[in-house]
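Since the structure comes first, as structure tokens, the remarks are kept for the end.
Computed from a prediction, not measured in an experiment: that's the story for all the values here. Below, all heavy atoms of this structure are taken into account, side chains as well, without hydrogens, waters or symmetry copies. Letters A, B, ... are given to chains in the order of the sequence lines, protein chains preceding strands, and every chain is numbered from 1.
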Amino acid sequence: MSVDTDAVLDWFADAARDLPWRRPECTPWGVLVSEIMLQQTPVARVEPIWHEWLTRWPKPSALAAAAQGKVLRAWGKLGYPRRALRLHAAAEAIATEHGDVVPSDVDTLLALPGIGAYTARAVAAFGYGKRCPVVDTNVRRVVARAVHGAGDAGPASNTRDMSDVDALLPAADEPAARLSAALMELGALVCTARNPRCVDCPIVADCAWQRAGRPEYSGPAKPVQRFAGTDRQVRGLLLDVLRGTAEPVPKARLDTAWSDAGQRDKCLDSLLVDGLVEQTADGRFALPGEHA
DNA sequence: CAACCGTGGTA
DNA sequence: TTACCAAGGTT
């Protein structure tokens, strides 16, 4: 059997969270900003920042006009700050090349920085009500269980994953877009990675994982993301120093952020390469674009 | 395809 | 406490 999409839609109508980027008055720009912020970052941490951004920069050209440093400060501690720079660059492209209108076409969206297979389709579906397979980690888990009877999704395979989801979508745009949101919500609220709440699941009766006796995940071991002591942590500490000061700082100030000088310098260099940090004419360091 | 890119909450 | 997890994208 397949997935009872009507049951999922009924459940969604009743159980969906009232998230601001799902409201009818939310623009495609608001949807795009939310999708970028939500990449690997939980809803609870995104919501307040999203409100600040949409108030401050209600359309792409407004964000494009802001200095990169201001954008990075407003990004705060959402993590992966390169997302903020890419969103800024995407806003510039939208403002100058697309008449300040977020594209609705998946291929056009894919050409923008920071927008990949998931985000392009999420914007098309949630911003414009289009029918296209929106595959995120939640949807992959739901499909792995309900359709394939596996305990969890294995490594992502873009083509196969999108094909699986496409097969579930109704033919018409509106219900297909709504189902895409519903499948994500099901994975986020019920069919969760740990301790799934199967008693609350609208499709438990047809779930292949249930029928198979809820087997444990048997795929290849998932790589563990370490953080302590990594360059990621050091870069974060360095950037946090610069976020905390209005004026450029001397290198000695950055040297206090991490004891290992070799790793520290390597990370500072990578931040410069990434454009997350800028060096002023007098040799101090700052967030980009705030001190010509 | 695997590694890398931040940060904080939770079990 | 450690380990896992969170609406991914780029190289």
Side-chain angles (χ1 to χ4, degrees), chain A residues 16-17 19-22 26 30-50 72 75-87 89-90 109-127 132-142 152-162 165 177 180-189 191-196 217 220-243 257-258 263 266-267 270-271 273-277:
Chain A
R17 290 167 292 178
L19 301 173
W21 44 85
R22 282 185 184 157
C26 182
V31 172
L32 173 56
V33 172
S34 79
E35 293 301 339
I36 301 291
M37 289 182 171
L38 287 164
Q39 291 169 2
Q40 302 289 282
T41 303
V43 166
R45 284 169 50 203
V46 164
E47 223 177 315
I49 307 292
W50 181 89
L72 288 170
W75 190 258
K77 306 197 80 169
L78 286 182
Y80 293 138
R82 294 190 296 184
R83 289 183 292 166
L85 290 188
R86 291 181 182 137
L87 179 51
L109 287 161
L110 282 170
L112 296 170
I115 298 187
Y118 162 76
T119 304
R121 290 170 179 80
V123 170
F126 308 145
C132 48
V134 180
V135 183
D136 76 329
T137 185
N138 291 303
V139 174
R140 289 189 349 96
R141 187 172 54 248
V142 169
D152 207 343
S157 167
N158 211 301
T159 308
R160 181 176 51 75
D161 294 340
M162 289 204 297
V165 173
S180 294
L183 289 172
M184 288 176 61
E185 192 75 337
L186 188 62
L189 299 183
C191 195
T192 51
R194 289 175 295 194
N195 307 107
Y217 173 71
K222 302 180 180 182
V224 286
Q225 278 261 45
R226 300 213 169 280
F227 180 65
T230 62
D231 289 355
R232 246 167 37 257
Q233 181 185 21
V234 177
R235 285 164 54 105
L237 290 170
L238 293 172
L239 219 45
D240 202 38
V241 170
L242 299 181
R243 264 189 244 112
W258 190 253
Q263 187 179 21
K266 168 172 172 268
C267 288
S270 74
L271 288 170
V273 169
D274 287 348
L276 285 162
V277 174

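- Across all strands shown, A/Arg194 has heavy atoms under 4.0 Å from base atoms, whether or not it also approaches the sugar-phosphate.
- For the P atoms, the distance from C/dC4 to B/dA3 is 15 Å, rounded to whole Å.
- To the nearest whole angstrom, the two C1' atoms, one in C/dG8 and one in B/dC1, are 16 Å apart.
- Each of A/Arg226 and A/Ala120 lies near DNA chain C, and the nucleotide nearest A/Arg226 is the one positioned closer to the 5' end.
- Counting non-hydrogen atoms under 4.0 angstrom, A/Ile115 reaches the backbone sugars and phosphates but no base.
- You'll find the side chain of A/Leu109 stays beyond 4.5 Å of the side chain of A/Leu32, heavy atoms only.
- The gap from the C1' atom of B/dG8 to that of C/dT1 amounts to 16 Å, rounded to the nearest Å.
- Side-chain contact check for A/Cys26 versus A/Val31: some heavy-atom pair is nearer than 4.5 Å.
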Could you walk me through whether A/Ser180 and A/Arg121 pass the side chain to side chain donor-acceptor pair (under 3.5 Å) test, one step at a time?
CA-CA 10 Å; A/Ser180 294; A/Arg121 290 170 179 80; over 6 Å; no

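- Of the residues in residues 230-237 of chain A, those with a non-hydrogen atom less than 4.0 angstrom from any atom of DNA chain B are A/Asp231, A/Arg232, A/Arg235, A/Gly236.
- Nucleic acid contact class of A/Leu87 (heavy atoms, under 4.0 Å, all strands): none.
- Once you apply a 4.0 Å limit to the heavy atoms of chain A, the touched nucleotides of DNA chain C run 5' to 3' over C/dA3 to C/dT10.
- Between A/Arg141 and A/Gly116, the residue whose closest nucleotide on DNA chain C is further toward the 5' end is A/Arg141.
- At a threshold of 4.0 angstrom between heavy atoms, the contacts of A/Thr41 include nucleobase atoms, whether or not backbone atoms are also involved.
- The distance between atom OH of A/Tyr80 and atom P of B/dG8, rounded to the nearest whole Å, is 13 Å.
- Using a 4.0 Å cut-off between charged nitrogen and carboxylate oxygen, A/Glu47 and A/Arg17 do not count as a salt-bridge pair.
- If you take CH2 of A/Trp75 and P of B/dG6, they are 12 Å apart, rounded to a whole angstrom.
- Separating the P atom of B/dA2 from that of C/dA7 is a span of 22 Å, rounded to the nearest Å.
- Rounded to whole Å, the distance from CD on A/Gln40 to P on B/dG8 is 16 Å.
- Among the heavy atoms of the strands, none lies under 4.0 Å from A/Ala44.
- Backbone-only contact: A/Ala193 has heavy atoms under 4.0 Å from sugar-phosphate atoms and none from a base.
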